[in-house]
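See structure below.
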Amino acid sequence: MKHSELKLRQVYTKQMVEVVSRLNSASSYIQQYFKSKDESEFDSGVLQFRKALEAVAYASIAPNKEKYQAFRSKADTSKDFTKDFNATKIFHNLRSINKSFYPMPLIPARKIAEHQWHFERKSSGFLTEKRFQNIYDRLGKFLHADNPWGTNKNLQNLAKDIEVAIRDVRLLLELHAAFIQSKAFTGVWIVEVPKDATVPKITKAVAISEFCVSSS
């Protein structure tokens, strides 16, 4: 039982390392695009950023793997969750089994009593679930060559939006909570994600029974 929860934590931390590594690459490519206006730099930035967002989606499966796998096995077609790749669709499926699946960004804890610490939620300044899906879907059409008869894609504007979104993904993940309710483990992971793509630190808090997460 403990090994199962440990394995899921290892998957989660591995995905967080990939997220940060790809965010760093995406940021570098986008900065180069601003300087050179070379569209190949822009394309590389888009690819790395979209993959970073997909890694966030894969990480979000880990605390919910048991229920997610069961839910996907009941699909009419394509029942194998290991072949999932579209972040928007993964989020849609996760919301069906756990409305609190999205990382909850936190403010550093303050001590309220002996051996008791309290984490406040961030109220703004991070990438919300709605904005996450919006920017992810926008990036999709830039994974293909331009149709010469199509309209102008306004690369400069999107590059600026990507720059902001990269910052806000970092602010979402730098200190966040992930909630787990399974047969093996019920509780929360408090996750600290370094900016240099080193291994995140996870503090585990065990709940004695099922719980709900309030919306505010």
Side-chain angles (χ1 to χ4, degrees), residues 8-64 84-91 94 101-108 119 121-144 153-178 189-203:
L8 293 176
R9 267 190 288 142
Q10 291 171 338
V11 171
Y12 197 89
T13 55
K14 182 179 179 181
Q15 291 304 124
M16 287 293 111
V17 169
E18 180 175 346
V19 170
V20 175
S21 177
R22 291 193 183 280
L23 288 178
N24 291 345
S25 294
S27 180
S28 177
Y29 282 124
I30 293 300
Q31 293 306 314
Q32 287 300 317
Y33 167 72
F34 285 138
K35 295 175 184 177
S36 68
K37 299 300 184 290
D38 182 344
E39 289 191 14
S40 66
E41 300 282 3
F42 174 84
D43 292 343
S44 296
V46 166
L47 179 62
Q48 290 301 318
F49 185 46
R50 189 171 158 101
K51 285 192 171 187
L53 296 178
E54 288 167 351
V56 173
Y58 287 139
S60 298
I61 292 176
N64 303 281
D84 291 354
F85 66 90
N86 184 285
T88 297
K89 292 180 180 179
I90 290 173
F91 277 11
L94 283 168
F101 76 88
Y102 195 69
M104 178 185 289
L106 302 172
I107 295 171
F119 290 89
R121 303 181 188 189
K122 283 184 181 176
S123 59
S124 62
F126 58 88
L127 196 71
T128 62
E129 182 185 343
K130 184 176 181 179
R131 285 182 56 215
F132 183 111
Q133 294 188 53
N134 179 268
I135 190 75
Y136 178 80
D137 290 341
R138 283 178 66 193
L139 296 176
K141 65 181 179 181
F142 293 93
L143 299 178
H144 310 285
K153 289 186 176 181
N154 296 314
L155 301 189
Q156 191 76 10
N157 289 339
L158 180 57
K160 291 177 181 178
D161 289 345
I162 291 173
E163 185 178 36
V164 172
I166 288 172
R167 178 201 67 195
D168 290 351
V169 173
R170 295 187 194 278
L171 293 172
L172 168 71
L173 298 176
E174 62 182 358
L175 179 64
H176 69 273
W189 296 335
I190 303 298
V191 188
E192 300 176 57
V193 181
K195 295 179 180 179
D196 60 358
T198 53
V199 178
K201 175 184 176 182
I202 293 185
T203 301

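- Between Leu23 and Phe49 there is a side-chain heavy-atom pair separated by less than 4.5 Å.
- Heavy-atom neighbours of Lys37 NZ from other residues, nucleotides or ligands within 6.0 Å: above the threshold of 12.
- Without hydrogens or angle criteria, Ser21 side chain to Val17 main chain gives no donor-acceptor distance under 3.5 Å.
- For the atom pair CG (Asp43) and NE2 (His144), the distance works out to 11.5 Å, reported to the nearest 0.5 Å.
- Taken to the nearest 0.5 Å, the CZ atom of Arg170 stands 4.5 Å off from the CG atom of Asn24.
- Under the 4.5 Å side-chain criterion, counting only non-hydrogen atoms from C-beta, Leu173 is in contact with Met16.
- More than 12 heavy-atom neighbours from other residues, nucleotides or ligands sit within 6.0 angstrom of NZ on Lys122.
- A distance of 9.0 Å separates CD in Glu18 from OH in Tyr58, rounded to the nearest 0.5 Å.
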(request) List the steps, then state whether side-chain contact (heavy atoms from CB on, under 4.5 Å) holds for Leu175 with Ile107. (result) CA-CA 7 Å; Leu175 179 64; Ile107 295 171; over 6 Å; no

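- Taking 4.5 Å as the limit, some side-chain heavy atom of Tyr102 sits within range of a side-chain heavy atom of Leu127.
- The two residues Leu172 and His176 come nearest to each other via the heavy atoms O-CB, 3.5 Å.
- Residues Ile30 and Gly45 come closest through the heavy atom pair CD1-CA, 4.2 Å.
- Smallest separation of non-hydrogen atoms from Ala197 and Val20: N-CG1, 3.5 Å.
- Heavy atoms of other residues, nucleotides or ligands lying less than 6.0 angstrom from OH of Tyr136 number more than 12.
- Within 6.0 Å of the CZ atom in Phe34, the count of heavy atoms belonging to other residues, nucleotides or ligands exceeds 12.
- Looking at heavy atoms from C-beta onward, Phe101 lies in side-chain contact with Glu129 at the 4.5 angstrom threshold.
- For Phe142 and Phe42, the ring centers sit closer than 6.0 Å to each other.
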(request) Given side-chain contact (heavy atoms from CB on, under 4.5 Å), test Glu54 with Arg50 step by step and report yes or no. (result) CA-CA 6 Å; Glu54 288 167 351; Arg50 189 171 158 101; 3.7 Å; yes

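- Contact annotation: the side chain of Val193 never approaches that of Val19 to less than 4.5 Å [non-hydrogen atoms, C-beta and beyond].
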(message) side-chain contact (heavy atoms from CB on, under 4.5 Å) for Asp38 and Tyr33? Distances and angles first, verdict last.
(response) CA-CA 6 Å; Asp38 182 344; Tyr33 167 72; 5.6 Å; no

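- You'll find the side chain of Val164 stays beyond 4.5 Å of the side chain of Lys160, heavy atoms only.
- The two residues Pro63 and Ser60 come nearest to each other via the heavy atoms CD-O, 3.3 Å.
- Contact record, Thr13 with Val199: CB-CG1, 4.4 Å, taken as the closest heavy-atom pair.
- Here the side chains of Leu158 and Ile135 are in contact, with some heavy-atom distance below 4.5 Å.
- In terms of heavy atoms, Val11 sits closest to Ala62 at CG1-CB, 4.3 Å.
- Using a 4.5 Å heavy-atom cutoff, the side chains of Arg9 and Val191 are not in contact.
- In this structure, Asn154 contributes its side chain and Asn157 its backbone to no donor-acceptor pair below 3.5 Å.
- Note that the CG atom of Leu53 and the CD1 atom of Ile90 stand 11.5 Å from one another [nearest 0.5 Å].
- With respect to Glu163 and Arg167, no salt bridge is recorded, no charged nitrogen being found less than 4.0 Å from a carboxylate O.
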(message) Using the rule given for side-chain contact (heavy atoms from CB on, under 4.5 Å), can you reason through Asp161 versus Arg138, listing the C-alpha separation, both sets of side-chain angles and the distance that settles it, and then say yes or no?
(response) CA-CA 10 Å; Asp161 289 345; Arg138 283 178 66 193; 3.0 Å; yes

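- Arg121 CZ to Met104 CE: the interatomic distance, rounded to the nearest 0.5 Å, is 3.5 Å.
- In this structure, CG in Asp137 is found 3.5 Å from OG1 in Thr88, a value given to the nearest 0.5 Å.
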